[in-house]
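What follows is one structure encoded as structure tokens, with my remarks underneath.
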Protein chains: 2
Amino acid sequence: MKKNSELIPSMIKDQRLIEQRRAQIIEGAVRLFVEKGFHKTTTREIARECGLSIGTMYEYIQSKEDVLYLVCEYIHSELEDRLRRVVAEEDQGAVSLSKGLKQLFRVMEEMRPLVLLIYQETKSLPKDKMKYVLRKEEEITGIFERILQKGMEDGTIQIDPSSVKLMAHNIIVIGQMWTFRHWAVGKHYGLEEFTERQMSLLLGDLTTGGKTDGKTSAT
Amino acid sequence: MKKNSELIPSMIKDQRLIEQRRAQIIEGAVRLFVEKGFHKTTTREIARECGLSIGTMYEYIQSKEDVLYLVCEYIHSELEDRLRRVVAEEDQGAVSLSKGLKQLFRVMEEMRPLVLLIYQETKSLPKDKMKYVLRKEEEITGIFERILQKGMEDGTIQIDPSSVKLMAHNIIVIGQMWTFRHWAVGKHYGLEEFTERQMSLLLGDLTTGGKTDGKTSAT
DNA sequence: ATTGTTCTACCGAGCGTTCGTTCACATCGC
DNA sequence: GCGATGTGAACGAACGCTCGGTAGAACAAT
């Protein structure tokens, strides 16, 4: 797992210590950011929550926004990790897509508050850091882009090649919708029903013979 | 058009004046919020931008958050207005849906910065005000819900009745995606191509007689 | 018409507070 | 004893909001 946290300078020499303390900081900050948001959380609170003094914390970061970046990076890494975990080389495209979607919705539920956090606070990052976060977001979208591509090539998914990227974005956004529209969607659908219905809406006109489950029927 | 701005008390007696000044405030605030976000905009800046003194401005609102609420209400009203404008009673469901989608994407482009604003700052509203904003969001979703419903009844749209609400949310979210993922989607698709491809992806398995030039699969 | 009174809208310096960040000093490990 | 790490009181700037006051319109009494 490539880390970009090296972008953030520290006064401390011991690299091991940096990683350990920053993990502390992330853990505390996540709790507070989820609860009250980035702007309403003070640096003093973060320090208290992660068991460091305010002075010590500032030896490991340079600004409050650095904490936000660390948090975003952590969440995105976790997300990407869990999503990649289910894509198997040997599966056909349609099967990968089906597995991928199920996993997507599962992960969105597991990490609901965290995804919502990224979603709402990314915009508070300084421009230069935001660049990296958005790139990560595109990488995650790329996972589904490749699945669709593969399905196109092995004939298990029908889709206009120029719509592949768009469809990948649709998939991610509909996954994220489970977090940022949960106030409305969650009132009418449980995760299982949401998953089933979305899969049938999304796969409906993409997969060849199949209904909702990723059956394959070569032409 | 029902206004909820009456929820916000004012020191001023003249109702006409209240409306006029608040319109000023909204206009100035929108410009600033779009440019630098809610948190980074100060009350002094808003006052200066809308041509009132800080003291006078506070005669028409009670807090900075009130300004955010006024702005959100304004944007939502404008949105709802423009979307309702194209739904005609006499149209069949599928036709309404097609018109509605085109209009949705058009409006999202026209109001891109404003929709993005609502999207990013709603969470900064106090709980009691947020309730009204979220309700409005559901009402807007309801527009497409009713279109789908009608299409189901007149047989021009095939969809599981229990998926109607979900599909309506999907439509809205995919429309909003044009604003909040424009940094990625806009790199690869113009508005026209985005509209066409989304319509074909969305209508693909819903409409009976092949619309949208795409592929037709009668019966 | 003139004067006095009242009421409404407008103004902006200033209050009290909070926040992110720093730095002089303390402590620890070798 | 010396460099690396930890500490928290203190700083200065910024912010949301208030409040004492002014201007002038409206009306009343003279």
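Chain naming here is simple, since letters A, B, ... match the order of the sequence lines and numbering starts at 1 in each.
For the side chain to side chain donor-acceptor pair (under 3.5 Å) test with Ser163(B), the passing option among Glu196(A), Glu193(A), Arg197(A) is Arg197(A); the others fail.
When the shell of 6.0 Å around OH of Tyr74(A) is examined, it contains 12 or fewer heavy atoms from other residues, nucleotides or ligands.
Rounded to whole angstrom, the span from the CG atom of Asp66(A) across to the C1' atom of dT21(C) amounts to 12 Å. If you measure from atom CD of Glu45(A) to atom P of dT18(C), you get 12 Å, rounded to the nearest angstrom. Distance, Gln62(A) CD to dT21(C) P: 10 Å, rounded to whole Å.
At least one test fails for Lys40(A) against the ring of Phe33(A): distance under 6.0 Å to the centre or angle within 45° of the axis. Geometric assessment of Lys165(B) against the ring of Phe144(B) yields a negative cation-pi assignment under the 6.0 Å and 45° thresholds.
At a non-hydrogen distance threshold of 4.0 Å, Ser53(A), Ile54(A), Gly55(A), Thr56(A), Tyr60(A) from residues 48-60 of chain A come into contact with DNA chain D.
Nucleic acid contact for Thr41(B): sugar-phosphate only, since backbone atoms but no base atoms lie under 4.0 Å from a heavy atom of the residue. Using a 4.0 Å heavy-atom distance criterion, Thr42(B) is classed as a sugar-phosphate-only contact.
Nearest-nucleotide positions on DNA chain C place Leu17(B) closer to the 5' end than the other of Leu17(B) and Ile61(A).
Here chain B contacts DNA chain D (any atom closer than 4.0 Å to a heavy atom, that is under 4.0 Å), and the contacts span dC15(D) to dT18(D) from 5' to 3'.
Note on Arg21(B) versus Glu59(B): no salt bridge recorded, every NZ/NE/NH1/NH2 to OD/OE distance being 4.0 Å or above. Arg16(B) and Glu19(B) are not joined by a salt bridge, as no carboxylate oxygen comes within less than 4.0 angstrom of a charged side-chain nitrogen. Checked for salt-bridge contact, Arg31(A) and Glu27(A) meet the test: a charged N lies under 4.0 Å from a carboxylate O. Salt-bridge formation is not detected for the pair Arg85(A)/Glu80(A): no Lys NZ or Arg NE/NH1/NH2 atom is positioned less than 4.0 Å from an Asp or Glu carboxylate oxygen.
Here the side chains of Val133(B) and Glu73(B) are not in contact, with every heavy-atom distance at 4.5 Å or above. Between Lys136(A) and Ser77(A) the shortest side-chain heavy-atom distance falls below 4.5 Å.
Checking the phosphate oxygens (OP1, OP2) of dA9(C), no side-chain nitrogen or oxygen of Arg21(B) falls inside 4.0 Å.
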Interface polar pairs with nucleotides 26-30 of chain C, N/O, under 3.5 angstrom:
none

| field | From CA spacing to verdict: side-chain contact (heavy atoms from CB on, under 4.5 Å), Trp178(A), Leu191(A) | value | CA-CA 9 Å; Trp178(A) 180 249; Leu191(A) 178 64; 3.8 Å; yes
